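No experiment lies behind these values; they were computed from the predicted model shown. All values below were derived from every heavy atom in this structure, side-chain atoms included, with hydrogens, water molecules and symmetry-related copies excluded. Quick note: residue numbers are just sequence positions, from 1.
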Amino acid sequence: KIASIRELLPRLYIEIAILSCYRYLSQTTYDQIVHRLCSMVRGIGDPLVAAYAWAYLARKGREVVPNISNEYLHKSLADHLSIFHRVRFSGSSSGQNMGPRFRRRLKAIGVDLPQYMNLISPAIEWLVMSVAVKPTEESLHRVIAASQSSGRNAVLLQHVMHYFPSHLVSSRASTMTNMIVDCDAQGVAPAKLFAALGACLVQSPPDGGSKQFLVILNEVWAHIVEMQELQDYLSCAHVWIEFALQHFTLKQVDQMLGNVLNHVVSAQNAALTTEAVNTETEEVALGKTQIQEYLLMIVTKIIMYHKDFNLLLAMTHFLPLLDTFEGVYQVQANKCILEAFVSHSTPTSDPMIINAMFGVGKVVHDSINTLSFSDEVRQISKLISGFVLKIRFGRDVEKNLNFFVECRRAFCNLDSVKAQLVLGVTELAMRAHRLVGGKHTKRTAAFLRACIAYCYITIPSMDDEILRLRLYTLASQISLANSSFHQGESLIKAAIQLISNVPVRTDSPDGQTNQVFRKLVTEIAQVCNLLVVAPGHPADGKLSLVTMLVDTILGYPWPEQTGCKSQCLISVFPLLASLAQSHVPLYFESVEHENNSLLSKGGSDFLPLLQELIQRVTTTLISDLEILCSDNPELCSSLALRALHELTSRARLDRSSANTIVALNKFVLKSTDEHLKAVQLWHDAMLARRVDASLDPMAQRILSALAQ
């Protein structure tokens with residue numbers, strides 16, 4: 001019935017479609033049948049129709065009989081190339097220009113030659129892919145031979161380099177180069193072919209060593225530099241630069257970059273002249289985008305293969321190449337360089353590297369605006385902070401401080417970077433402290449004051465109040481450790497004043513609410529620890545800073561039912577107990593212990609003032625616990641137990657402390673487990689103080705109250 005169909009094309013497609021039905025007749029005739037069908041396709045006069053018929057036969061052949069020989073595929077490919085070559089140049093006197101018959105055929109169907117080649121390309125691609133399923137040296141040789149004998153079809157070469165293994169293609173690099181130069185470029189630009197060949201060589205370098213590599217590179221590069229279109233030139237250049245990076249030194253790569261730079265600068269100058277006359281079209285904008293992407297690939301590959309920035313920045317054309325980037329691509333290129341420097345570079349003091357990377361970081365920093373995402377800001381802050389950490393000047397701390405000053409000016413929009421700068425300056429101060437053994441000279445003392453002044457100026461410029469409070473505390477510790485008491489107390493005062501300005505809650509960029517007041521509790525505890533050493537200068541009044549902190553805690557708008565106010569007041573107990581001792585329990589080595597104790601506690605008004613503060617704190621604490629007890633008794637019991645611990649371990653046993661302990665025990669009674677802990681805690685305190693509760697009436701009274 002199929003044989004009775006008079007038209008060739010329907011008869012051929014139907015027989016190919018039911019090719020699997022031949023298994024009912026014989027299992028050994030498939031090879032003959034496929035070859036017969038392959039020969040039948042020759043009768044189709046149109047090369048485009050014939051190409052898809054051969055492609056369909058290749059598909060069904062792989063599906064039905066995947067194990068038979070690829071001979072029919074090679075035959076199909078060779079026949080197609082031969083027929084297409086004859087049809088295309090039929091009637092042409094030179095044998096190289098398109099024949100009049102083929103030209104009339106294209107005009108009849110309404111396409112030009114490049115469009116026709118694009119239509120025929122998928123069929124050729126399928127045939128080449130089918131041949132490359134079982135790739136061998138022989139199969140590649142036969143495909144290349146078929147192409148050479150039929151006009152060196154560019155479409156065929158493109159698919160051969162894509163589907164055949166790269167090591168087979170790279171072993172014939174010289175042959176492929178000559179074929180690309182001599183091939184018919186209709187349908188596929190030579191730039192795509194050179195780029196495909198370069199990709200094969202990058203994946204699998206050919207045999208022969210560096211001399212052979214240089215011969216291939218020189219031969220190909222000579223053709224690449226002659227390309228007129230910048231987009232075509234860069235599409236090849238970025239691939240072959242990677243090949244040079246693999247096998248040659250940066251000197252040869254720098255020469256190639258110089259050629260790239262000349263092409264780009266010339267194209268940009270020409271574009272400026274054109275834009276002065278005509279408005280930019282969408283096609284031109286798309287071409288500019290593609291050019292920027294190719295340039296970004298070049299920079300990325302250079303960074304990927306070479307991590308030594310001493311060598312990279314010594315290249316003549318590397319930094320000028322960065323100036324050719326525009327817009328987002330400029331930011332991406334500089335960010336790529338900064339990431340590589342932070343990840344792979346060692347600490348350096350080289351002024352050339354510092355200057356270059358400083359400019360790179362400035363470009364990345366300036367890309368941030370009000371519309372930038374928080375993740376992007378966080379990523380850039382991390383990169384710039386990493387760059388700052390990579391710069392070390394050794395014992396020359398003054399030069400390092402000058403570098404930090406320049407960084408503060410350049411990277412003024414990032415809190416994380418400014419925080420890293422403050423940490424770096426405090427580390428410089430302590431490094432100078434170690435260098436002089438804690439005994440500052442006139443010069444080192446001036447340097448120390450400059451470091452503290454840097455912190456005092458930089459910290460207020462940050463937006464994060466908790467971060468500022470933490471840095472104020474750190475800077476004051478550094479200042480006191482280096483005998484700079486006036487600056488240290490100024491920093492402590494600034495930290496206490498900042499507490500009042502800390503918002504209770506803030507909204508994060510992701511829409512969540514941050515409970516800042518909970519972080520504030522921890523920072524207030526750190527300030528309390530610091531006030532043991534510097535409770536306030538006597539000229540400002542006894543315990544001026546301590547009084548200021550207590551007033552700030554009491555005046556802060558703490559949310560109710562959170563217990564945070566009570567936690568802060570409990571943190572004040574150890575501070576007040578330490579100040580009540582005859583000698584300061586904490587001190588810096590640079591401060592004379594005895595003189596500081598006398599300076600802080602001199603005068604008859606010290607103890608009454610301290611007692612007044614203790615009374616204010618305990619009264620406020622009990623009032624706050626009474627409010628908390630009604631809604632959250634468990635939290636109230638926990639806080640009361642913590643307050644009992646502070647009192648029993650530090651307070652003197654008198655009527656006032658006894659009344660406070662009894663009052664706190666009422667809150668502890670809300671939880672049975674906490675009550676038992678309180679009783680045990682009091683017994684432990686009595687043992688520690690070596691007080692016999694049975695002989696001490698005050699202790700007996702407290703124990704009776706606890707046991708109720």
Please assess H317 against Q255 for the test side chain to side chain contact (heavy atoms under 4.5 Å, CB included), listing each intermediate value before the final yes or no. CA-CA 8 Å; H317 303 100; Q255 294 176 356; over 6 Å; no
Distance alone, cut at 3.5 Å: any donor-acceptor contact between the side chains of Y556 and D551? no
Pairing donors with acceptors under 3.5 angstrom, does anything connect the side chains of Y305 and E242? yes
Residue set satisfying side chain to side chain donor-acceptor pair (under 3.5 Å) with Y329, at least two apart, ordered chain then number -> E293
Could you state the interatomic distance from OH (Y454) to CG (L428), rounded to the nearest 0.5 Å? 9.5 Å
Using only heavy-atom distances, determine whether the side chains of Q487 and S490 contain a donor-acceptor pair under 3.5 Å. no
Side chains of T547 and S544 only: does a donor on one sit below 3.5 Å from an acceptor on the other? no
Kindly say whether the aromatic ring centers of F213 and F248 come within a distance under 6.0 Å. no
Quick one: do D366 and N413 satisfy side chain to side chain contact (heavy atoms under 4.5 Å, CB included)? Show the steps, please. CA-CA 9 Å; D366 293 345; N413 295 328; 5.5 Å; no
What I want to find out is whether E427 reaches R431 closely enough, with some N-O distance under 4.0 Å, to be called a salt bridge. yes
Quick one: OH on Y472 to CG on L530, what's the gap to the nearest 0.5 Å? 14.0 Å
Name all residues meeting the side chain to side chain donor-acceptor pair (under 3.5 Å) criterion together with N369; count only those two or more places apart in sequence or in a different chain, and write none if there are none. S372
D375: partners by side chain to side chain donor-acceptor pair (under 3.5 Å), with sequence neighbours left out: R378
Spacing of F341 atom CZ and K390 atom NZ [to the nearest 0.5 Å]: 7.0 Å
Inter- and intrachain pairs under ring pair (Phe, Tyr, Trp, His ring centres under 6.0 Å), touching residues 344-380, at least two apart: F358-F411, H365-F411
Minimum-distance pair of heavy atoms, taken over all atoms of Q292 and T324: NE2-O, 3.3 Å
Determine all donor-acceptor pairs shorter than 3.5 Å in which one atom belongs to a side chain in residues 402-409; sequence neighbours excluded.
from: N402; atom 1: ND2; to: E398; atom 2: O; distance (Å): 3.3
from: E406; atom 1: OE1; to: R409; atom 2: NE; distance (Å): 3.3
from: E406; atom 1: OE1; to: R409; atom 2: NH2; distance (Å): 2.7
from: R408; atom 1: NH1; to: T458; atom 2: OG1; distance (Å): 2.9

Got a sec, which pairs hit salt bridge (Lys or Arg N to Asp or Glu O under 4.0 Å) with one end in residues 462-472, sequence neighbours left out? R470-E523
